Amino acid sequence: MRVYDYAISGDRITVRVPETDEDLRAFEAWYRVASKRGPIALDTETTGLDIFSAGYRLRTVQFGDRHTAWVIHYERGGRFQHAVRAALEWIDELLIHNAPFDWCVVDRHVGVPIERLAPKTTDTRLKAGLIDPRQPQEGGRGTGLKPLSAWYVDPKAPDTQGDLTSVFRSLGLTKATGWAGIPLDHPTYNLYAGLDVILTARLNPCLDAELSALGVRSKLVRFEHEIARICAVMQRMGMILDTEYTRALNDRLGFEASHYESLALRYGVTNVNAPAQIREALLGMGEEWSKDEVTANGALKVDKAVLHRFADLDFQTGARLNLRTPNPLAEAIIKSKRAGKWRSTYTQTFLDVVDADGRVHPFINSMQARTARMSVTRPALQTLPSSDQMIRRCLLAEEGHVMVSTDFKAVELRVLAALADVKRMKEAIRAGEDLHSFTARLVFGPDFTPKHRKISKGIAFGKVYGGGAATIQRQTGAPMEEVRRALAAYDRLYPEIRRASARWQREAYETGLVHVSVTGRQLPLDRDRMYAVVNYACQSAARDCLGQSLLHLEEAGLLDYMRLPIHDEVLCSVPAKEATDFAREIERCMTFDLYGVPIEAEAEVGKRSWGSLYGASE
DNA sequence: CAAATCACG
DNA sequence: ACGTACGTGATTTGC
């Protein structure tokens, strides 16, 4: 047995790396005793992030408590794998930092399913996120094991991931090849693998102490663990990629990008992604910029909006405006950039991450944003273009299934009505009125126009997001005077919104600039953006409505059909023959009462591809 | 690593 | 006193 000694917070700790049968028996003897004293921390080291791709390897599985870590070389096979399985069966309380990753790894490569692991798991990353959801860039401590350990456990705790990348370099490996290429026996690799579980074990009681000091309800902690498990199951399931269509589209986009690149080259632009070059070329052609078309650093903007103006094209539809002579360079850059971007960000990524069975398995981070909103990465399926079906067409429902997309109806506004107890808004929602038309009628009278409805909608968004008259004017294009008048009328109509904003801000000053949400979530505010509290309260409560719906959907036996959460929407793949019945059932699971305000959802039944729900379908 | 850009809710 | 658009991920350039 290899043994490494180290010190954490002045305590002597030991990392053990079993080599023989006898060593493995010692491991078994250890966890049988240690697991009676408390939870056992678990971690894995693998060849990378492509859990579901061919050639992916699980290298080590680590177990540990506050003083001892065991690094089991799973990659060696045979008795090592057997030892890991036996330990996972025996131990009844696991601590994992970022459990969904290790759940998926263990499910796929050890064969112990998420359903068995999740009920006995506590995720220290989730707990940390409930204490402070901010990323380090936002003034938070972050939710990585390194920053949390440095804060709670030992300021001198090593950066086990970061330090290893310099070890990789010394071995002639890179960040990308290091995890797969480092020899299994490398001392630093084993020591750091062991330290991770010891740090996790030491972190947990500190997080518990802080959660209880803050009064975060244990019910909320359990709620998040349930949501994380459901999202992990969705990740494991993944979605079918139409590889044939995706390859053809990938080629077509590549061809299109280079075609328009060569057009741009005629005007001296050698790189369509270099703003400085485009700026110079367009200036040389005599184009002029308005005052507000500058970047934060004062440079002339060459973004999509400016290029569309030069090209005499509508920003939204891309249609000819006939307002001026189209600038051919602007048009070539628009087309080349779009094709290149859609290729690299979407189709190429799909082809890069697809597994051997033709499925993509996006990482669903169930509690990512500072409002606890979810995020989806590798690939970022929450941000696929929705203007037409081109990209979403790459993803398919199961064989014999169709896609069903079910959206909440104006959920953030309804949540605002519920949280701020906005009387007239609640009445209108309960009466089944279209909220924006309702507002327009009361503000502009019974003869209100679609333009008036648009202003009302802009103000509703402005209220939730914290924007002012200038922003609403920019977004709606309505005359400033009309916007001001509507804003004043809006405040008279729904006075509770301003009052709630003031109250929440005042309360936050008393609790150290933290807004405690309706579900008991800690939402830290920025001192110079206190007005954002309205948005944080609404966005996070709306996210919790989505989370609650995911639990309802699972209770209704629909988890196998669920594919992706998208903020106010759940995408499902359901049998084509019973699609409308499934749609009704999904709607039912996403419908409930929030303080007297109905939260409602509307399902749309598509065809086999996700794209069928967008733009013109074939 | 910051800035710019563009995709989404 | 007044007014402030909110939250993400990914790619690329250029220092």
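Note that these values count all heavy atoms, side chains included, but never hydrogens, waters or copies made by symmetry. A note on names: the letters A, B, ... follow the listed sequences, proteins ahead of strands, and every chain is numbered from 1. Keep in mind the model is a prediction, meaning the values are calculated, not measured.
Closest-nucleotide positions on DNA chain C for A/Gly468 and A/Glu138 were compared, and the one nearer the 5' end corresponds to A/Gly468.
Heavy atoms of A/Arg373 sit under 4.0 angstrom from at least one base atom. Nucleic acid contact for A/Ala299: none, since no nucleic acid atom lies under 4.0 Å from a heavy atom of the residue. Note on A/Glu569: nothing from the nucleic acid sits closer than 4.0 angstrom, heavy atoms only. Residue contacts for A/Gln539: at a heavy-atom cut-off of 4.0 Å it reaches a base atom on one of the strands shown. Looking at heavy-atom distances under 4.0 Å, A/Phe461 makes contact with a base. Within the 4.0 angstrom heavy-atom criterion, only backbone atoms of the sugar-phosphate kind lie near A/Arg378; the bases stay farther away. Looking at heavy-atom distances under 4.0 Å, A/Val464 makes no contact with the nucleic acid at all. In this structure, A/Arg370 reaches the sugar-phosphate backbone alone: every heavy-atom distance under 4.0 Å involves primed, P, OP1 or OP2 atoms, never a base. When heavy atoms are screened at a 4.0 angstrom cut-off, A/Ser375 is found touching the sugar-phosphate backbone but no base atom. Here A/Leu384 lies in heavy-atom contact (under 4.0 Å) with sugar-phosphate atoms only. Within the nucleic acid shown, A/Asp528 comes within 4.0 Å of at least one base atom, counting heavy atoms only. Using a 4.0 Å heavy-atom criterion, one finds that A/Val534 contacts no nucleic acid atom at all. A/Ser501 comes within contact range of no nucleotide atom at all, as no heavy-atom separation falls under 4.0 Å.
One interatomic measurement links the two molecules: CZ of A/Arg543 to P of B/dG9, which rounds to 19 Å at whole-angstrom precision. If you take CG of A/Asn271 and P of B/dA4, they are 17 Å apart, rounded to a whole angstrom. Between the C1' atom of B/dA2 and the CD atom of A/Gln135 lies a distance of 16 Å, rounded to the nearest Å. Rounded to a whole Å, the CD1 atom of A/Ile278 is 20 Å from the P atom of B/dA3. For the pair A/Gln137 CD and B/dA3 P, the computed distance is 13 Å after rounding to whole Å. As rounded to whole Å, 18 Å separates atom P of B/dG9 from atom NZ of A/Lys409. B/dA4 atom C1' lies 10 Å from atom NZ of A/Lys301, rounded to whole Å. Per the geometry, CD1 belonging to A/Ile391 stands 13 Å off C1' belonging to B/dC8, to the nearest Å.
Side-chain contact of A/Ser375 with A/Asn365: a donor-acceptor pair under 3.5 Å is absent, judged by distance alone. Between the side chains of A/Ser290 and A/Glu293, at least one donor-acceptor pair of N or O atoms lies under 3.5 Å.
A/Arg338 forms a cation-pi arrangement with A/Trp342, by the criterion of a distance under 6.0 Å to the ring centre and an angle within 45° of the ring axis. Annotation: cation-pi geometry satisfied between A/Lys304 and A/Phe315 (NZ/CZ under 6.0 angstrom from ring centroid, within 45° of ring axis).
Searching all strands for a Watson-Crick or G-U wobble partner of B/dA7 with both distances below 3.5 Å returns C/dT8. Across all strands shown, C/dG14 is found opposite B/dC1 as a Watson-Crick or G-U wobble partner, with both distances under 3.5 Å.
A donor-acceptor distance shorter than 3.5 angstrom exists from the side chain of A/Arg370 to the backbone of A/Pro524, with no hydrogens or angles considered. Under a 3.5 Å cut-off, the side chain of A/Tyr56 and the backbone N or O of A/Gly48 do form a donor-acceptor pair. Panel note: side chain A/His361, backbone A/Arg236; a donor-acceptor pair is recorded below 3.5 Å.
In this view, A/Arg252 satisfies the salt bridge (charged side-chain N to carboxylate O under 4.0 Å, His left out) rule with no residue, not counting sequence neighbours.
Contact annotation: A/Lys304 reaches the phosphate of B/dA7 (side-chain N/O to OP1 or OP2, under 4.0 Å).
Scanning all heavy atoms of the two residues, the minimum distance from A/Leu381 to A/Trp610 falls at O-CH2, 3.4 Å. Contact between A/Ser549 and A/Phe408 at its shortest, heavy atoms only, is OG-CZ, 3.3 Å.
Near DNA chain B, defined here as any heavy-atom distance below 4.0 Å, the residues from residues 331-344 of chain A are A/Lys337, A/Lys341, A/Trp342, listed numerically.
Classification of A/Glu412 and A/Arg373 as a salt-bridged pair holds, one side-chain N sitting under 4.0 Å from a carboxylate O.
Nucleotides B/dG9 and C/dA5, compared at atom C1', are 14 Å apart to the nearest Å.
Protein chain A touches strand DNA chain C; the 5'-most and 3'-most nucleotides with an atom under 4.0 angstrom of its non-hydrogen atoms are C/dT4 to C/dG14.
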